[in-house]
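To start, the structure under review is shown below, and the notes come after it.
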Amino acid sequence: QVQLVESGGGLVQAGGSLRLSCAASGRTFTYYVMGWFRQAPGKEREFVAAISWGGANTAYADSVKGRFTISRDNRKSMVYLQANSLKPEDTSVYFCAAKKDNIVTTTPPEYHYWGQGTQVTVSS
């Protein structure tokens with residue numbers, strides 16, 4: 001079992017930055033692919049970024065590539081999403097998710113554990 005708690009969301013102006021954090025419980029954190037997803041009102045949950053066990057493999061949605069960076073600290077059981085050059089269309093609830101293998105994938109149903117989400121609002 002893995003429990004995930006996100007933090008770091010908030011209100012920011014377009015062009016600004018936020019750093020989202022995800023704290024994971026469970027002794028086997030190292031052996032989970034970790035991902036970030038987001039969901040805006042009335043829209044489906046969409047992939048943002050994911051990272052493999054050791055951090056060697058990452059994946060990003062085209063919409064955030066070059067602006068967002070995912071990272072993890074296995075000693076602290078933490079995953080981060082550094083979001084720069086934020087746009088109003090990045091406004092969403094951001095979710096942290098964990099996947100019980102080392103294959104980086106982008107589809108929500110393949111992730112086994114989810115946090116409650118943190119709201120990010122980008123004003124124009």
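Taking all atoms of both residues into account, the shortest heavy-atom contact from Ser92 to Gln119 is O-NE2, 3.4 Å. Nearest heavy-atom pair across Leu4 and Ala24 is CD2-CB, 3.6 Å. In terms of heavy atoms, Val48 sits closest to Leu81 at CG1-CD2, 4.1 Å. What you find for Pro88 and Ala14 is that their closest heavy atoms are CD-CB, 4.1 Å. Nearest heavy atom pair, residue Val12 against residue Leu18, reads CG1-CD1, 4.1 Å.
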Is there a side chain to side chain contact (heavy atoms under 4.5 Å, CB included) between Gln116 and Val5 once you walk through the steps? CA-CA 7 Å; Gln116 294 298 308; Val5 179; over 6 Å; no
Given the rule in the side chain to side chain contact (heavy atoms under 4.5 Å, CB included) test, do Val104 and Ile51 qualify, once you have shown the distances and angles that lead to the verdict? CA-CA 6 Å; Val104 174; Ile51 188 167; over 6 Å; no
Starting from the C-alpha separation in whole Å, work towards a yes-or-no answer on side chain to side chain contact (heavy atoms under 4.5 Å, CB included) for Val33 and Ile103. CA-CA 7 Å; Val33 162; Ile103 302 172; 5.7 Å; no
Tell me, with the steps shown, if Val79 and Trp36 meet side chain to side chain contact (heavy atoms under 4.5 Å, CB included). CA-CA 9 Å; Val79 181; Trp36 285 97; 3.5 Å; yes
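With a 6.0 Å cutoff to the six-membered ring centre and a 45° limit on the axis angle, Arg72 does not count as a cation-pi contact of Tyr80.
A 4.5 Å side-chain heavy-atom check between Gln82 and Ser17 finds at least one atom pair inside the cut-off.
Side chain of Glu6 to backbone of Cys22: no donor-acceptor contact under 3.5 angstrom is found. Put simply, the side chain of Tyr60 never gets that close to the backbone of Ala50: no donor and acceptor are under 3.5 Å apart. Judged purely by atom type and a 3.5 angstrom limit, Tyr111 has no side-chain atom pairing as donor or acceptor with the backbone of Lys100. No donor-acceptor distance shorter than 3.5 angstrom exists from the side chain of Arg38 to the backbone of Val93, with no hydrogens or angles considered. With hydrogens and angles disregarded, a donor-acceptor distance shorter than 3.5 Å links the side chain of Ser52 to the backbone of Asn57. A distance-only check finds a donor-acceptor pair linking the side chain of Thr91 to the backbone of Val122 [under 3.5 Å].
Contact check on Lys65 versus Asp62 returns a salt bridge, with a Lys/Arg side-chain nitrogen under 4.0 Å from an Asp/Glu carboxylate oxygen.
Atom CE of Met78 sits about 4.5 Å away from atom OG of Ser21, to the nearest 0.5 Å. Rounding to the nearest 0.5 angstrom, the gap separating the CE atom in Met34 from the CD1 atom in Ile70 is 8.0 Å. Summarising the geometry, atom CG belonging to Leu11 is positioned 8.0 Å from atom CD belonging to Gln13; distances are rounded to the nearest 0.5 Å. To the nearest 0.5 angstrom, Tyr32 atom OH is 4.5 Å from Tyr113 atom OH.
The aromatic ring centroids of Tyr31 and Trp53 lie less than 6.0 Å from each other. Here the two rings, on Phe37 and Phe47, have centers that are under 6.0 Å apart.
Classification of the Tyr94-Phe68 ring pair by plane angle, with boundaries at 30° and 60°, yields tilted.
More than 12 heavy atoms of other residues, nucleotides or ligands shown are found within 6.0 angstrom of CD on Glu89.
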